*Asks:* 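One structure coming up, written as structure tokens, with questions to follow.
Values reported hereafter were calculated over all heavy atoms of this structure, with side chains retained and with hydrogens, waters and symmetry mates removed. Note on naming: letters A, B, ... go to the chains in the order of the sequence lines (proteins, then strands), and numbering restarts at 1 for each one. Predicted, not measured: the structure shown is a model, and the values here were computed from it.
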Protein chains: 2
Amino acid sequence: MARNRTAEEAWEALARAQTALMRGFQEDFRGEEVSMRVYDVLYTLSRCPSGARLRDLNAHILLTQPSLSRLVERMEADGLVHRCGDPTDRRATVVRLTERGREIQRRVGRRHAAAIADRVGGALSEEELATLRALADKLRAAQEGRGSVSMTVDP
Amino acid sequence: MARNRTAEEAWEALARAQTALMRGFQEDFRGEEVSMRVYDVLYTLSRCPSGARLRDLNAHILLTQPSLSRLVERMEADGLVHRCGDPTDRRATVVRLTERGREIQRRVGRRHAAAIADRVGGALSEEELATLRALADKLRAAQEGRGSVSMTVDP
DNA sequence: CCCATTTCCATGCGTTTGCATGTAGACAAG
DNA sequence: CTTGTCTACATGCAAACGCATGGAAATGGG
């Protein structure tokens, strides 16, 4: 039971740190040409040169599928991304950065990286950062294949 | 510069872990009698027996001031909290749990604690949890007096 | 005391989100 | 080929959110 309490304390500390950091970053993003959420999509796509399907984006971004669908729709209207069908699976929608989207991601990304170096890098030593990363990775890895074990029990 | 890269990697790992965990928790909260955001307010208030002002709540909860204002308004309409003025500062609005709110916080909190023990406690050893907590605390502490994060603790 | 500034919360309004549902293609069995 | 089920997105709609702003009270000189 002491273990459970330790887990709760760790989660609460983690959530509070995340809240404080997010607040700071969101402030940085005010006055930026894209919102933090849009940047999140741009960044994710920048790591997928061949594009990504909506369902893959959705795994990385904390939005429901319909919300992400519309967010990408707006981003296409703004010329940040391009949507096209996948010949091998005609249900899929493949999203790809436009040149404009890639350029904005790079530009905003530079300032965001500086903010991370400041707010995160400025708070912990390099060794602590590495430890934090390792623990976060382990924590995330443990969440996989655990998503929806909610069996529908309705006669 | 290598330090900056380490900070970026740590932040990305942290954000991804948070996303995965939040997804799981939000799923747990489907079918619950309150949403996760409402629970967040209930939990924060459960730690402030003498009530909390909106601005203090806002320091802990990732919402803009107007959004939190309306969330609390809805929660009052649902009988979860009670709002009253502060005689020592007539601009302030003090929010307090109702008996119903406290009861629901306890009930939902028990299940949520079990989920934390499962998802977080199940992923790391007790020593790792303690390390994670220490790093998260340090990270959060470093954000104060920077963006606009002031932590006020109930006396 | 007075006026300017700041703090704390509420409200109008357009935008975004989530839930429920719809549509179309993939996939498997008969 | 047909039928049923599953998967991937899209869409209607009400609820919730953020931004800009407003009003009232506290605060800080002059």
*Asks:* Report yes or no: is there a donor-acceptor pair, N or O only, under 3.5 Å between the side chain of A:R30 and the base of D:dG18?
*Replies:*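 Side chain to base: no pair below 3.5 Å.
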*Asks:* What's the CG-P distance between B:D86 and C:dA10, to the nearest Å?
*Replies:*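 The answer, rounded to whole Å, is 13 Å.
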*Asks:* Atom CZ of A:R55 and atom C1' of C:dG25: how far apart are they, to the nearest Å?
*Replies:*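 Distance check: A:R55 CZ to C:dG25 C1' gives 15 Å.
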*Asks:* Using the side-chain heavy atoms of B:L54, tell me which of these nucleotides is nearest: C:dG25, D:dA24, C:dA10.
*Replies:*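 The closest nucleotide is C:dA10.
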*Asks:* More 5' along DNA chain C: A:R91 or A:L68, using each one's nearest nucleotide?
*Replies:*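 In this pair, the answer is A:L68.
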*Asks:* Do B:Y39 and B:E33 get their side chains close enough for a donor-acceptor pair, meaning under 3.5 Å?
*Replies:*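 Absent: no donor and acceptor within the cut-off.
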*Asks:* Identify whether any heavy atom of B:R74 sits under 4.0 Å from a base atom; if not, whether one sits that close to sugar-phosphate; answer base, sugar-phosphate or nothing.
*Replies:*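 Contact class for B:R74: sugar-phosphate only.
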*Asks:* Tell me if the side-chain of A:Q65 makes a donor-acceptor pair with the base of D:dA8, cut-off 3.5 Å, by modelled atom types.
*Replies:*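 By the distance-only test, no, there is no pair.
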*Asks:* What's B:R37 touching, base or sugar-phosphate or nothing? Going by heavy atoms closer than 4.0 Å.
*Replies:*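 Here B:R37 touches the backbone only, sparing every base.
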*Asks:* Counting distance only, does the side-chain N/O of A:Q18 pair as donor-acceptor with the main-chain N or O of B:A15 below 3.5 Å?
*Replies:*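 Answer holds: no.
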*Asks:* Report which part of the nucleic acid B:E73 touches: base, sugar-phosphate, or nothing (heavy-atom distance under 4.0 Å, all strands).
*Replies:*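 The residue B:E73 makes sugar-phosphate contact but no base contact.
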*Asks:* Pick the nucleotide of DNA chain C nearest each of A:P87 and A:S67; which residue has the one closer to the 5' end?
*Replies:*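 Looking at DNA chain C, the more 5' nearest nucleotide goes with A:S67.
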*Asks:* Quick check on DNA chain D: between A:R83 and A:Q26, whose nearest nucleotide comes earlier from the 5' end?
*Replies:*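 It is A:R83, whose closest nucleotide lies nearer the 5' terminus.
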*Asks:* Please report, rounded to the nearest Å, how far the P atom of C:dT23 is from the CG atom of A:D89.
*Replies:*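 After rounding, the gap between these two atoms is 20 Å.
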*Asks:* Ignoring hydrogens and geometry, is there a side-chain-to-backbone donor-acceptor pair from B:E9 to B:T6 under 3.5 Å?
*Replies:*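 Looks like no, no N/O pair under 3.5 Å.
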*Asks:* Can you identify which nucleotide, out of C:dT17, C:dC13, D:dA10, has its nearest atom closest to the B:R70 side chain?
*Replies:*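 For the B:R70 side chain, the nearest candidate turns out to be C:dC13.
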*Asks:* How sharply is the helix from C:dC1-D:dG30 to C:dG30-D:dC1 bent, taking the axes over five pairs at either end and rounding to 10 degrees?
*Replies:*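 Rounded value for the end-axis angle: 30°.
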*Asks:* Which part of the nucleic acid does A:T93 contact within heavy-atom distance under 4.0 Å: base, sugar-phosphate only, or nothing?
*Replies:*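 Touches sugar-phosphate only.
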*Asks:* Let me check something: do A:V41 and A:L63 share a hydrophobic cluster, defined by ILVMFWY side-chain heavy atoms less than 4.5 Å apart, either directly or through other members?
*Replies:*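 Yes, because A:V41 and A:L63 connect within a single hydrophobic cluster, where side-chain heavy atoms sit under 4.5 Å apart.
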*Asks:* From D:dA8, C:dG25, C:dC9, pick the nucleotide closest to the side chain of A:R90?
*Replies:*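 Comparing D:dA8, C:dG25, C:dC9 against the side chain of A:R90, the answer is C:dG25.
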